[in-house]
Amino acid sequence: MLLKKSKKKLEFNMYVNLIVGILLIIVGILLNVLNSPLIENKKAIIVLSFIPFGISLYSWINLFFTKKFPKDMKPVIVSENDERLIAIRNEVDAVTFQVLQWALMLVFFGYTFMVPKNIFETPSWWIIFGFYLMSYMLQGIILSIYYRKSNKADCDE
Amino acid sequence: MKNKRIKIARIECDLSQEQLAEIVGVTRQTIGLIESGNYNPTLNLCIEICKALNKTLNDLFWED
């Protein structure tokens, strides 16, 4: 069952990143062909697509080795699904997120106070502000989704 | 607190920590930490360990 779960996860990763890569390439080519003034360097979007393609390739290689050599891949799969290691990774992710959130707050307020003429004016200020706001809002949104899921499971009983 | 009962039950079934870990789907270190009392497994893992060692939750995890 662990193997099946791991294969599904790898397949999902592979296809999602493949689709994102293809979309980025299509958007990049379209912007290039139409010579859109939206973005200065249109080739950058095509180059950006290499990242999801790379992740998709990595997932495909992982999937290939999991299917061809299941015994050799089992320790890797077990360590990915071990509840203790998952709990450790979740804790690490949570601490990392808090540190990054603090850093983002410092960057936002630092930028706002140091270059006040950019407030509401420049795209860079709006982007930093957007990420700062999203870091708090996303927590609330995901938390409400989780609560709704657990309440639904509770009602179904 | 150490869980000697799991260790005894595991030895009675002639299983190493590695073998038990493979059966229940965790790493050997996790089994070792459970036996030494340094990790509290979830209920699901407790049940899997009981099934693998043919014991009940009371036998392995209830405090005396």
Side-chain angles (χ1 to χ4, degrees), chain A residues 1-14 58-59 61-98 139 142-143 145-157, chain B:
Chain A
M1 201 170 104
L2 268 179
L3 208 67
K4 217 176 175 181
K5 196 176 162 188
S6 189
K7 278 187 199 169
K8 268 190 176 172
K9 202 173 165 185
L10 284 169
E11 277 172 357
F12 177 77
N13 263 343
M14 188 177 74
Y58 170 76
S59 299
I61 291 170
N62 243 334
L63 197 63
F64 174 77
F65 277 103
T66 305
K67 284 180 178 171
K68 273 277 178 182
F69 311 106
K71 264 191 175 174
D72 295 331
M73 290 300 285
K74 199 165 181 193
V76 176
I77 293 165
V78 165
S79 66
E80 277 174 13
N81 290 290
D82 183 316
E83 58 173 50
R84 184 182 59 92
L85 296 176
I86 289 173
I88 289 170
R89 259 181 260 131
N90 285 341
E91 217 172 302
V92 165
D93 285 347
V95 171
T96 305
F97 171 70
Q98 279 187 336
Q139 265 186 304
I142 295 173
L143 199 61
I145 293 170
Y146 269 83
Y147 278 146
R148 220 178 292 158
K149 260 192 193 172
S150 68
N151 283 341
K152 188 172 179 277
D154 195 27
C155 289
D156 285 344
E157 286 299 314
Chain B
M1 210 168 75
K2 277 194 179 188
N3 194 328
K4 293 180 188 168
R5 283 183 277 177
I6 292 181
K7 188 170 183 175
I8 293 166
R10 179 175 58 79
I11 293 168
E12 277 175 7
C13 292
D14 209 17
L15 290 170
S16 65
Q17 283 185 344
E18 185 117 18
Q19 286 167 325
L20 179 58
E22 202 174 316
I23 294 169
V24 299
V26 295
T27 57
R28 188 209 60 77
Q29 288 83 355
T30 301
I31 298 292
L33 287 166
I34 293 171
E35 286 182 3
S36 65
N38 289 320
Y39 174 66
N40 291 326
T42 59
L43 186 57
N44 281 337
L45 183 54
C46 289
I47 291 169
E48 290 300 313
I49 293 172
C50 290
K51 281 180 185 171
L53 299 177
N54 213 16
K55 298 277 181 192
T56 64
L57 282 170
N58 267 350
D59 295 333
L60 297 181
F61 294 102
W62 193 254
E63 283 179 14
D64 286 323

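Values reported hereafter were calculated over all heavy atoms of this structure, with side chains retained and with hydrogens, waters and symmetry mates removed.
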Contacts of A/F97 that satisfy ring-ring contact (aromatic ring centres under 6.0 Å, His included) - sequence neighbours left out = none

Summary of ring-ring contact (aromatic ring centres under 6.0 Å, His included) pairs that have at least one residue in residues 68-89 of chain A, sequence neighbours excluded = A/F65-A/F69

Is atom CD of B/E18 surrounded by more than 12 heavy atoms (other residues, nucleotides or ligands) closer than 6.0 Å?
-> no

Sequence neighbours left out, what passes ring-ring contact (aromatic ring centres under 6.0 Å, His included) with A/F64? Give chain and number order.
-> A/W60

Within residues 41-59 of chain B, which positions have a heavy-atom distance to chain A below 4.5 Å?
-> B/P41, B/T42, B/L45

Stepwise salt bridge (Lys or Arg N to Asp or Glu O under 4.0 Å) check, A/K9 with A/E80 | CA-CA 11 Å; A/K9 202 173 165 185; A/E80 277 174 13; 5.6 Å; no

Can you tell me how far CD of B/Q17 sits from NZ of B/K7, rounded to the nearest 0.5 angstrom?
-> 7.5 Å

